Amino acid sequence: MTAPPPPNRKRLDPSAARYLSMATYMAVIITAAALGGRWLDARFPLGKIPVFTLVLTLVGVFASIWYFIRDFLKKK
């Protein structure tokens, strides 16, 4: 006995899926950088300002923008 066919679902537009995956990568990169900076600030405090968190978050933002632009130009 075979299973009945699945209901007719709308498929996600391929370009929307591409941009959704790129946004997910950007969020993961920025979050990982911020959490790494937070961990470093807890291990090696340099004062009242969370220097590692700020620096690594900015590095994560620029890295994710670089990744986005590189991927956007490559797949175009």
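Quick caveat: nothing in here was measured; it's all calculated off a predicted structure. Hydrogens, waters and symmetry mates are skipped; everything else that's a heavy atom, side chains included, is used.
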Indicate yes or no for a side-chain donor-acceptor contact from Thr53 to the backbone of Arg38 under 3.5 Å, with no hydrogens or angles considered.
yes

From the list Ile69, Thr31, Val28, Ile30, side chain to side chain contact (heavy atoms under 4.5 Å, CB included) partner of Ser64 resolves to Ile30

Using every non-hydrogen atom in the two residues, find where [X] and [Y] come nearest and quote the distance to one decimal.
X: Leu54; Y: Ile49; value: CD1-CG2, 3.8 Å
X: Gly60; Y: Ala33; value: CA-CB, 3.8 Å
X: Asp41; Y: Val51; value: OD1-N, 3.5 Å

I'd like to know if Val59 and Ile29 are part of one continuous hydrophobic network [Ile/Leu/Val/Met/Phe/Trp/Tyr, side-chain heavy atoms within less than 4.5 Å].
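No, Ile29 and Val59 fall in different hydrophobic clusters.
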
Shared hydrophobic cluster for Val55 and Trp39 (ILVMFWY, side-chain gaps under 4.5 Å)
yes

Tyr19 and Phe72, any side-chain heavy atoms less than 4.5 Å apart
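Result yes, sub-4.5 Å side-chain heavy-atom pair found.
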
Using 0.5 Å steps for rounding, measure from the OG1 atom of Thr57 to the CZ atom of Phe52.
12.5 Å

